[in-house]
Amino acid sequence: MRDEGFMALVDQFYSTSNGRIANGLLVASYATFGVAGQQWYAGISAALMLVLLWAWAAALLRRAGWRLPRGVPLFSAAMVLGLFCFASTNTYKTFFWPASSVSHTFPPVLAAAATIPALLATSRRGKAIAAAVAFVVGGVLGTLSEETSVVALTVLAPALLLGRRLFPAGRLAFVRAWCAAAGAGILIGTAVLLTSPGSMNRRSRHSTDSMLAPESLFASLRGYAQVLHTLVTTWQYVGAIAVGMLIGALARRADGGVPRPDRRAPLLLWSGAAALLFSGYVCTVIAYPAFGPSVATANRLWNDYLFPLLLLLVGAGGLLGNLAVRRYRRGTAPVAAGAVLLCVCVTAVLAVSLRDLESDMRVRAGAWDSQDRLLRDRAAAGATVLPYRRLVVSGMLEPFSSGGERPWPASCVARYYRVKEVTDGTEHRGRGPDRAGPLQPDPGAAP
């Protein structure tokens with residue numbers, strides 16, 4: 001990718017791959033740096049998402065007029081981001097694989113951050129700027145991630161329909177204008193994506209005409225039920241409730257009193273939950289033609305609605321923590337301590353899983369570097385056909401996996417090394433650079 005050029009890669013996304021222009025821009029931003037770009041993407045994107053979440057939390061507190069002890073907003077943002085990225089059933093594909101992060105991990109965080117100017121807007125000029133930002137970010141989302149666009153539009157719908165019951169009368173007109181600007185941006189961006197040659201090419205490959213067939217809808221529902229079961233049984237997500245309880249227990253008004261949540265908070269949570277559950281099913285329907293039954297296991301596809309669901313859990317935890325403190329005046333310290341202890345326990349479990357993944361990634365990286373040197377040397381010597389051994393990590397799709405049903409990974413490798421083709425070198429195990437231990441090629445590895 002590094003040799004293709006920045007704009008050439010963006011054009012490839014628009015004209016051939018999938019039509020996602022903003023997606024192509026982000027991919028080109030790290031792909032132009034070659035392997036180093038792939039390596040540094042996770043750390044840079046994590047720092048950016050943390051800053052956005054921290055700023056979003058600060059904007060929410062300012063809008064509510066609440067105060068928290070120093071460090072709690074940053075801790076809360078970091079905890080939510082950690083749950084989002086590392087409590088996944090496949091952390092590698094969710095966070096460390098740039099192509100997945102660009103499409104399904106970063107977009108929902110960007111969508112949440114788009115509300116920061118709206119939360120801070122007080123003057124007419126500020127509100128106009130907030131609406132303009134919503135329109136621009138909406139357009140970016142429309143050409144970045146179809147699933148996040150679906151979730152955003154579905155969340156905007158109840159904000160418009162239930163606006164009188166959810167928002168103060170003084171801000172109702174602004175809320176409606178902001179939602180309209182955001183929705184218009186998303187729709188325009190989505191229209192640009194859907195009419196692109198790349199999107200039409202992708203739809204022709206995956207027979208999306210059958211998306212709304214009864215069989216496909218039922219299969220999508222069955223897969224979505226499996227997804228929800230996986231999410232509900234992932235106990236680490238209680239960390240989001242713990243974060244909310246910590247905030248609810250420690251939040252204070254400017255005068256030092258314990259704030260009383262707005263009576264509309266339960267309606268906001270229930271309507272948001274209903275919108276997200278519905279949008280999750282729609283996302284599954286959209287993905288089913290391309291992924292088939294694997295939509296129930298391809299965890300990266302869930303992130304577009306998982307992230308706002310985690311935010312809802314934080315909100316529910318906040319109500320619980322606030323209720324406990326208001327009912328038991330001396331309960332602040334026990335509630336806060338219990339919430340912190342639960343966060344520490346969840347973090348420790350995530351750290352153990354990351355330690356195991358780090359070991360696998362190091363082994364795989366060493367094997368890849370060794371094979372890369374060998375293939376480059378052979379290509380430089382004039383070879384036009386190279387043997388390639390699969391180096392599977394976290395079920396990633398490798399050339400010749402799944403019995404060679406998908407030929408495009410091998411063609412990508414051949415293009416990368418500038419040779420005519422690569423062949424399956426798995427049967428030559430033991431004579432070359434691959435000493436990957438537990439990461440030896442697995443013919444049955446899932447894509």
Side-chain angles (χ1 to χ4, degrees), residues 22 26 44-68 70-81 83-85 105-142 144-145 148-149 151-156 158-160 163 166-168 170-186 189 240 243-244 247 251 262 265 268-269 272 275-276 303-305 307-315 318:
L26 289 179
I44 294 174
S45 65
L48 177 58
M49 289 189 289
L50 180 59
V51 169
L52 291 176
L53 283 178
W54 188 12
W56 186 70
L60 277 175
L61 290 172
R62 181 174 178 179
R63 167 53 54 188
W66 295 357
R67 294 180 179 177
L68 284 174
R70 189 184 302 272
V72 173
L74 177 58
F75 171 81
S76 302
M79 189 68 196
V80 171
L81 183 61
L83 290 170
F84 180 47
C85 293
T105 304
F106 178 70
V109 177
L110 177 63
T115 63
I116 294 175
L119 292 170
L120 298 177
T122 54
S123 64
R124 179 176 298 180
R125 180 181 180 183
K127 293 177 181 179
I129 293 175
V133 170
F135 178 80
V136 172
V137 175
V140 171
L141 289 175
L144 178 61
S145 172
T148 297
S149 298
V151 174
L153 287 174
T154 309
V155 170
L156 289 173
L160 288 171
L166 292 175
F167 304 101
R171 287 183 66 85
L172 184 58
F174 167 63
V175 169
R176 287 176 171 172
W178 187 91
C179 290
I186 293 173
V243 169
I247 295 172
D262 194 286
L268 179 63
L269 290 177
L276 291 175
N303 289 350
D304 304 276
Y305 52 90
F307 178 72
L309 281 173
L310 289 177
L311 297 182
L312 279 181
L313 289 180
V314 173

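Residue indices begin at 1 and follow the sequence shown. Values below: every heavy atom of this structure, side chains too, minus hydrogens, waters and symmetry copies. A quick note: this is a predicted structure, and the numbers were derived from the prediction, not measured.
Residue Cys179 comes nearest to Ala159 through the heavy atom pair SG-CB, 3.9 Å, listed as atom of the first residue, atom of the second, then distance. Taking both residues in full, the closest heavy atoms of Leu310 and Ala240 are given as O-CB, 3.8 Å, listed atom of the first, atom of the second, then distance. Across every non-hydrogen atom of Phe174 and Ala118, the tightest pair is CE2-O, 3.7 Å. Contact record, Leu156 with Gly183: CD1-N, 3.7 Å, taken as the closest heavy-atom pair.
Residues Phe135 and Ile186 have side chains not in contact (no heavy-atom distance under 4.5 Å, counting atoms from C-beta outward). No side-chain heavy atom of Trp56 sits under 4.5 Å from any side-chain heavy atom of Leu61. Looking at heavy atoms from C-beta onward, Val80 lies in side-chain contact with Val314 at the 4.5 angstrom threshold. Side-chain atoms of Val109 and Phe84, non-hydrogen and from C-beta on, do get closer than 4.5 Å to each other. In this structure the side chain of Phe106 never reaches within 4.5 angstrom of the side chain of Ser145, judged on heavy atoms. Taking 4.5 Å as the limit, every side-chain heavy atom of Trp66 sits out of range of all side-chain heavy atoms of Leu60. With a 4.5 Å cut-off on side-chain heavy atoms, Val175 and Leu166 do not count as touching.
Under the side chain to side chain contact (heavy atoms under 4.5 Å, CB included) test applied with Thr122, the options Arg171, Arg63, Lys127 reduce to a single match, Arg63.
Ser149 places a side-chain N or O within 3.5 Å of a backbone atom of Leu141 that can act as its donor or acceptor partner.
Distance check: Leu68 CG to Ser76 OG gives 7.0 Å after rounding to the nearest 0.5 Å.
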- Residue pair Leu74, Leu50: steps toward the side-chain contact (heavy atoms from CB on, under 4.5 Å) verdict: CA-CA 8 Å; Leu74 177 58; Leu50 180 59; 4.2 Å; yes
